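Reviewing the structure listed below.
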Amino acid sequence: MTDDQTERPSARDPSASASAGDPPDRRPASSDDDTRPARPRPRSLDPKELGFTPRPPVPWLAPLLLLSTGLRTLLAALFGAYLDKRELQSALPDDVHSHDSVDGELWIDYVADLGDGFPATYSLAYLLAQPDLAIDGAVRLPRGDLLVMGGDQVYPSASGEAYEDRCKGPYQAASPKAPTGRPQPTLYAIPGNHDWYDGLTAFLRLFARRRDASIGGWRTEQKRSYFAVRLPHNWWLFAIDEQFGAYLDDPQLMYFEQAAAQLGPADRVILAVPEPTWVKAEVDHQAYDAVDYFLRTVIKPTGARVPVMISGDLHHYARYAHPDRQLITCGGGGAYLSATHKLPERITVPPADTIARKASPSREYVLAGRYPQADRSRRYSWGIFHRLPRRNPGFAALLGTLQTLLMLAVAGVIVSWSDTDGQRLFSIPLVAMVVLTLAASVVFAKPPSASGVRHSRHWLLGLGHGVAHIGLAWVGALVWLQLPFVDWPWPLPVVAAAVVYGPLAGLVATQLTAGYLVLAGAFDVNLNELFAGQGIEDAKGFLRMRIDADGALTIHPIAVDRICRRWRTDPAGRPDSSWIVPEQPLTARLAEEPITVR
């Protein structure tokens with residue numbers, strides 16, 4: 001970090017007067033909002049005061065959510081083309097946006113995967129909204145002139161209410177009004193798969209509005225689910241929407257071809273995509289095809305370079321480096337932490353065995369940075385034993401119910417072997433329960449939403465997991481038959497099993513599943529479920545990028561080791577200051593040294 005970087009932010013202090021040469025596209029902070037009566041600042045965290053409901057983190061292994069996610073994935077696969085609104089977006093304005101520099105430089109913030117529980121989401125929103133950010137207690141980096149949201153602005157699925165509570169509400173509370181004395185920052189967003197579950201309806205209504213085009217202190221300019229932005233010093237930002245399909249739609253291609261007509265050999269493009277397909281192509285060799293097609297057919301003919309590609313979707317920070325390009329994943333905006341200890345040390349992009357006939361020449365990229373570090377990520381894995389039942393009580397209840405039914409079926413068979421009258425404790429056929437347990441375990445080892453093909457390790461680990469649950473039920477049945485409940489008149493034994501055996505079996509089965517997830521994670525199976533089941537809210541982050549006066553792009557990967565969990569309102573604060581402030585220390589540091597691209 002140079003001295004220049006530590007001194008420049010002071011020239012952009014929010015208390016300083018606005019420059020007389022503000023670009024025409026950056027309206028002052030006091031435009032439309034001054035014509036409307038100001039809403040009083042909230043005095044408490046009551047939803048009626050805030051205007052939204054702070055939501056807890058999503059319990060990703062909750063039974064109803066698992067069922068809902070599976071159904072949505074199935075519907076998206078079957079009917080995604082019919083719900084796709086991108087073809088209809090050709091009727092919307094095709095503006096190419098432009099943002100000139102301020103004092104010779106421009107700052108850009110990038111955050112992704114942010115619409116989850118309030119404590120984590122708001123911790124990042126609060127830091128992004130502050131006039132500047134103290135890094136390691138010394139260097140101060142100013143707030144971005146642009147904020148780019150890189151996908152999955154809401155969880156678990158898109159709706160107007162979900163966006164209000166998990167995205168718009170927290171960000172409006174963090175920055176209720178444009179900063180005083182400075183141009184109003186602009187917000188852009190691209191959709192992730194969770195934004196797509198309603199066919200982009202709620203996304204477009206929030207981010208592509210013509211009236212009230214703002215979210216708190218950020219104004220929104222885009223009119224489609226993708227956008228192109230001209231940046232200073234021959235830099236551009238292209239953000240594409242490639243969800244649910246191997247091909248980019250024609251209106252989107254035409255839009256970017258029109259924008260690319262302004263590119264030349266001296267231009268450089270930051271390409272934002274919804275998923276880090278460069279990593280996912282390691283298991284799904286067609287994952288990168290759409291991005292590669294875009295690079296080959298839209299940007300390459302212009303002679304412009306793409307030295308940086310950024311993405312969210314995976315909830316961690318990772319950077320793969322090549323002398324000509326940086327591939328950066330930064331999905332730490334609020335959703336549960338994803339593992340980093342199983343990231344490949346080297347990747348080939350495009351993959352050498354892609355079946356695309358005109359793929360770009362393959363290059364090898366090296367894993368140059370990650371957050372959290374591999375050893376910390378590995379330690380997080382072992383937290384599944386205490387976090388799984390605590391974060392997902394519904395999942396524990398489901399396992400308890402299945403274990404109770406399975407145990408009663410096993411006990412019925414054992415009783416029939418020793419009872420000459422052929423009486424059974426319960427009438428559920430054991431064979432049906434065994435088949436159900438094994439089938440569910442195999443499906444769990446490779447959920448329908450997971451990418452790539454099913455390998456032998458998925459079958460073996462899934463079957464082993466199912467057999468372990470059957471073994472647990474067998475042991476439980478032997479113990480149950482020694483208890484006095486067995487001799488009670490019908491249906492009291494079943495009631496006693498549900499009340500006494502079920503909760504204990506659920507806890508033991510949850511620990512068995514936790515052990516399976518740790519073992520399977522070592523073989524890169526169910527790694528997502530290993531971390532989703534824990535719902536780790538710490539270890540979050542975002543990117544703060546600077547285009548300097550000399551044309552260099554410096555990327556600061558910001559890490560937040562611990563989020564804030566206790567908040568209070570600030571009713572006496574300035575109109576442009578955050579409504580809600582932390583009661584605990586909320587600090588940021590660099591995940592790795594800044595990366596400079598020229």
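Since the model is a prediction, treat every value here as computed from it, not as a measurement.
- By the salt bridge (Lys or Arg N to Asp or Glu O under 4.0 Å) test, Arg376 pairs with Asp561, sequence neighbours left out.
- Pro274 and Ile240 get closest at one heavy-atom pair: CD-O, 3.5 Å.
- Checking side-chain atoms of Thr340 against main-chain N and O of Pro372 turns up a donor-acceptor pair under 3.5 Å.
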- Task: Kindly indicate, with the supporting measurements, whether the criterion salt bridge (charged side-chain N to carboxylate O under 4.0 Å, His left out) is fulfilled by Glu345 and Arg370.
- Result: CA-CA 11 Å; Glu345 295 294 331; Arg370 62 179 134 193; 3.0 Å; yes
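- Arg565 meets the salt bridge (Lys or Arg N to Asp or Glu O under 4.0 Å) test with Asp538; sequence neighbours excluded.
- The local environment of OH in Tyr380 is crowded, with over 12 non-hydrogen atoms from other residues, nucleotides or ligands closer than 6.0 Å.
- The salt bridge (charged side-chain N to carboxylate O under 4.0 Å, His left out) contacts involving residues 54-65 comprise Arg55-Glu161, Arg55-Asp165, where partners must be two or more places apart or lie in separate chains.
- The shortest distance between side-chain heavy atoms of Tyr320 and Thr329 does not fall below 4.5 Å.
- Residue Pro276 comes nearest to Gly312 through the heavy atom pair CD-O, 3.1 Å, listed as atom of the first residue, atom of the second, then distance.
- Between Leu527 and Leu530, some side-chain heavy-atom pair lies under the 4.5 Å cut-off.
- Using a 4.5 Å cut-off on side-chain heavy atoms (C-beta onward), Val434 and Leu430 make contact.
- With 3.5 Å as the limit, one finds a donor-acceptor pair spanning the side chains of Glu592 and Tyr317.
- Under a 3.5 Å cut-off, the side chain of Gln153 and the backbone N or O of Cys167 do not form any donor-acceptor pair.
- Inspection of the Asn528 and Trp60 side chains reveals no N or O donor paired with an N or O acceptor under 3.5 Å.
- Paired with Lys280 under the rule side chain to side chain contact (heavy atoms under 4.5 Å, CB included), one option of Gln286, His285, Glu275 passes, and it is Glu275.
- Sorted by first and then second residue, the ring pair (Phe, Tyr, Trp, His ring centres under 6.0 Å) pairs involving residues 509-543 (not counting sequence neighbours) are His465-Tyr516.
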- Task: Could you go through the side chain to side chain contact (heavy atoms under 4.5 Å, CB included) check for Arg166 and Asp116 one step at a time?
- Result: CA-CA 6 Å; Arg166 297 185 181 273; Asp116 205 326; 3.9 Å; yes
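- At a threshold of 4.5 Å between non-hydrogen side-chain atoms, the residues Val467 and Leu438 count as touching.
- Within 6.0 Å of the CZ atom in Arg363, the count of heavy atoms belonging to other residues, nucleotides or ligands exceeds 12.
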- Please test Met433 against Leu405 for side chain to side chain contact (heavy atoms under 4.5 Å, CB included), starting from the C-alpha separation and ending with a verdict. CA-CA 8 Å; Met433 288 303 302; Leu405 295 175; 3.8 Å; yes
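- The backbone N or O of Ala339 sits nowhere less than 3.5 Å from a side-chain atom of Ser377 that would complete a donor-acceptor pair.
- A 4.5 Å side-chain heavy-atom check between Thr513 and Phe395 finds at least one atom pair inside the cut-off.
- Side chain of Lys446 to backbone of Gly462: no donor-acceptor contact under 3.5 angstrom is found.
- We find the CG-CD1 distance between Leu124 and Ile563 to be 9.0 Å, quoted to the nearest 0.5 Å.
- Taking CZ of Arg379 as the reference point, atom CD of Gln373 lies at 10.5 Å (rounded to 0.5 Å).
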- Message: Using the rule given for side chain to side chain contact (heavy atoms under 4.5 Å, CB included), can you reason through Val273 versus Asp313, listing the C-alpha separation, both sets of side-chain angles and the distance that settles it, and then say yes or no?
- Response: CA-CA 10 Å; Val273 297; Asp313 188 65; over 6 Å; no
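- Considering CG of Leu206 and NZ of Lys168, their distance stands at 6.0 Å, rounded to 0.5 Å.
- For Gln252 and Asp249, the side-chain atoms include at least one donor-acceptor pair closer than 3.5 Å.
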- Passes ring pair (Phe, Tyr, Trp, His ring centres under 6.0 Å), Trp278 versus Tyr365? Steps please. CA-CA 10 Å; Trp278 48 86; Tyr365 291 76; 8.7 Å; no
- Going through the distances and angles, do Trp480 and Val410 end up as a side chain to side chain contact (heavy atoms under 4.5 Å, CB included)? CA-CA 10 Å; Trp480 178 255; Val410 172; over 6 Å; no
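- A side-chain donor from one of Asp292 and Ser360 sits under 3.5 Å from a side-chain acceptor of the other.
- Scanning both residues, Leu204 and Ser225, for their nearest heavy atoms gives CD2-N, 4.1 Å.
- Judged by distance alone, the side chain of Asp284 and the main-chain N or O of Ala281 form no donor-acceptor pair under 3.5 Å.
- Tyr288 OH to Thr348 OG1: the interatomic distance, rounded to the nearest 0.5 Å, is 12.0 Å.
- In terms of heavy atoms, Ala591 sits closest to Tyr371 at CB-CB, 3.8 Å.
- Checking Tyr155, Phe203, Tyr163 one by one against His194, the ring-ring contact (aromatic ring centres under 6.0 Å, His included) holds for a single residue, Tyr155.
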Which pairs would a plain distance check flag for residues 501-509, meaning a side-chain donor or acceptor within less than 3.5 Å of a matching protein atom at least two apart in sequence or in another chain?
none

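- The NE2 atom of His316 lies 11.5 Å from the NE2 atom of His341; values are rounded to the nearest 0.5 Å.
- Ala62 approaches Asn392 most closely through the heavy-atom pair N-OD1, 4.0 Å.
- Taking 4.5 Å as the limit, every side-chain heavy atom of Phe485 sits out of range of all side-chain heavy atoms of Leu492.
- Considering all non-hydrogen atoms of both residues, Ser159 and Ala202 come closest at C-CB, 3.9 Å.
- Under the 4.5 Å side-chain criterion, counting only non-hydrogen atoms from C-beta, Val366 is not in contact with Ile347.
- Contact of the Leu406 side chain with the Leu436 side chain is not registered, since no non-hydrogen atoms from C-beta on lie closer than 4.5 Å.
- Among pairs with a residue in residues 384-412, those fulfilling salt bridge (charged side-chain N to carboxylate O under 4.0 Å, His left out) read Arg391-Glu537, at least two apart in sequence or across chains.
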- Check against ring pair (Phe, Tyr, Trp, His ring centres under 6.0 Å), His315 and Tyr336: CA-CA 7 Å; His315 311 155; Tyr336 66 88; 4.6 Å; yes
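- Side-chain N or O atoms of Asp152 include none that pairs as donor or acceptor with a backbone N or O of Gly115 at under 3.5 Å.
- Rounding to the nearest 0.5 angstrom, the gap separating the CG atom in Asp524 from the NE2 atom in His455 is 9.5 Å.
- Distance alone, capped at 3.5 Å, places no donor-acceptor pair between the His469 side chain and the Gly466 backbone.
- Using a 30° and 60° split on the angle between ring planes, Phe118 and Tyr122 fall in the parallel class, below 30°.
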